[in-house]
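Only this structure's heavy atoms are used, side chains among them; waters, hydrogens and symmetry mates stay out. Counting from 1, the numbers follow the sequence of the chain as shown.
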Amino acid sequence: MLDGKVFEARLGMEGRPADRDDTLVFDRGVLLSLECQKICDFPARPYYVRQTEDHLEFVSITRCPTRDAEIVWRGKVRDGAIEGVASWTTKRWYWTVERDFHFSGTLSSGTPATLAMD
């Protein structure tokens, strides 16, 4: 239901203004955050979606291949708008850091093929 859609979004730590641009790409059953890929090479990972009465809900979990970190994406899409929370967790040998980042944005005219999803 979301395949082939690209969203231009803003990302920010919970409780703070959104201060980072991101592009969220849904294609061939996977979700890719271009900003997270750039920062830590987070790969595209499968997403799961369900239809509710008035919107789509999705969830996806991705892991950084070079650090012990993961992001759980949970969001809603309604009328060309996306919003949700990306919960980032990184583990160190003596502590774990957990942070939530809110995101929101709109449907882009870009296509996954133009963003090199391969």
Side-chain angles (χ1 to χ4, degrees):
M1 290 183 264
L2 290 173
D3 270 5
K5 295 192 179 355
V6 176
F7 293 88
E8 297 301 329
R10 297 279 293 162
L11 206 65
M13 192 178 300
E14 276 300 320
R16 297 185 185 167
D19 60 355
R20 188 174 292 261
D21 292 327
D22 198 358
T23 302
L24 301 174
V25 181
F26 294 85
D27 194 39
R28 293 176 279 182
V30 298
L31 166 63
L32 176 65
S33 160
L34 294 183
E35 183 65 13
C36 292
Q37 182 185 47
K38 181 174 79 175
I39 291 171
C40 187
D41 201 24
F42 279 95
R45 296 294 300 153
Y47 70 88
Y48 306 92
V49 65
R50 73 176 182 169
Q51 175 75 55
T52 69
E53 284 185 30
D54 64 347
H55 64 272
L56 297 174
E57 294 178 342
F58 68 90
V59 65
S60 181
I61 300 172
T62 187
R63 289 180 179 78
C64 178
T66 59
R67 298 183 188 136
D68 193 4
E70 79 172 17
I71 300 174
V72 179
W73 295 86
R74 292 180 186 87
K76 297 178 186 178
V77 175
R78 178 182 325 167
D79 299 328
I82 191 169
E83 66 179 9
V85 174
S87 299
W88 173 76
T89 304
T90 187
K91 296 179 182 177
R92 302 288 190 252
W93 65 275
Y94 51 90
W95 82 82
T96 298
V97 177
E98 297 175 340
R99 294 217 165 66
D100 286 338
F101 294 84
H102 59 90
F103 61 90
S104 63
T106 57
L107 192 59
S108 170
S109 60
T111 63
T114 64
L115 297 169
M117 281 288 289
D118 293 326

State whether the side chain of His102 and the backbone N or O of Gly15 hold a donor-acceptor pair below 3.5 Å, judged by distance alone. no
If Ile, Leu, Val, Met, Phe, Trp and Tyr residues are connected whenever their side-chain heavy atoms lie under 4.5 Å apart, and connections chain through other members, are Phe42 and Ile39 in the same group? no
Under 3.5 Å side-chain donor-acceptor pair for Arg50 and Thr52: no
Do the side chains of Leu11 and Val72 join up, straight or via other hydrophobic residues, at under 4.5 Å, putting them in one cluster? no
Tell me whether Ser60 contacts the main-chain N or O of Pro46 through its side chain, where contact means a donor paired with an acceptor under 3.5 Å. yes
May I ask you to decide if Gly12's main-chain N or O and Asp19's side chain share a donor-acceptor pair within less than 3.5 Å? no
Heavy-atom closest pair (Ala81 atom, Phe7 atom, distance to 0.1 Å) is C-CE2, 4.4 Å
Check whether any side-chain heavy atom of Ile71 lies under 4.5 Å from a side-chain heavy atom of Phe101, and answer yes or no. no
Is any side-chain heavy atom of Lys5 closer than 4.5 Å to one of Leu107? yes
Separation between OG1 (Thr62) and CG (Asp41), nearest 0.5 Å, reads 9.5 Å
Value for OG1 (Thr89) from CG (Asp100), rounded to nearest 0.5 Å, stands at 8.0 Å
CZ (Arg67) with more than 12 external heavy atoms under 6.0 Å: no
Out of curiosity, Gln51 CD to Met1 CE, how far, rounded to the nearest 0.5 Å? 6.0 Å
Got a sec, which residues hit salt bridge (charged side-chain N to carboxylate O under 4.0 Å, His left out) with Arg99, two or more places apart in sequence or on another chain? none
State plainly whether one hydrophobic cluster holds both Leu56 and Tyr47, where clusters connect Ile, Leu, Val, Met, Phe, Trp and Tyr through side-chain heavy atoms under 4.5 angstrom apart. yes
Determine the minimum heavy-atom distance between Gly29 and Asp3, stating which atoms define it. N-OD1, 3.0 Å
Can you establish whether the number of heavy atoms outside Asp54 located under 6.0 Å from its atom CG is more than 12? yes
In terms of hydrophobic clustering (I, L, V, M, F, W, Y; side-chain heavy atoms under 4.5 Å; direct or indirect links), are Ile61 and Leu31 co-clustered? no
Any idea which heavy atoms bring Pro43 and Arg63 closest together, and the distance? CD-O, 3.1 Å
Does Cys36 reach the side chain of Trp73, with side-chain heavy atoms less than 4.5 Å apart? yes
As an exercise, state the distance from CG of Leu34 to CG of Asp21, rounded to the nearest 0.5 Å. 11.5 Å
In terms of hydrophobic clustering (I, L, V, M, F, W, Y; side-chain heavy atoms under 4.5 Å; direct or indirect links), are Leu2 and Val59 co-clustered? no
If every non-hydrogen atom of Val85 is compared with every non-hydrogen atom of Phe103, which pair is closest and at what distance? N-CE2, 3.3 Å
Determine the minimum heavy-atom distance between Ala44 and Val30, stating which atoms define it. CB-CG2, 3.7 Å
Kindly give the heavy-atom pair with the smallest separation between Asp27 and Gly4, and that separation in Å. OD1-N, 3.8 Å
Drop me the distance from Ile82's CD1 to His55's NE2, to the nearest 0.5 angstrom. 12.0 Å
Check this for me, if you would: do Arg10 and Asp22 make a salt bridge, where the nitrogen-to-carboxylate-oxygen distance has to be below 4.0 angstrom? no
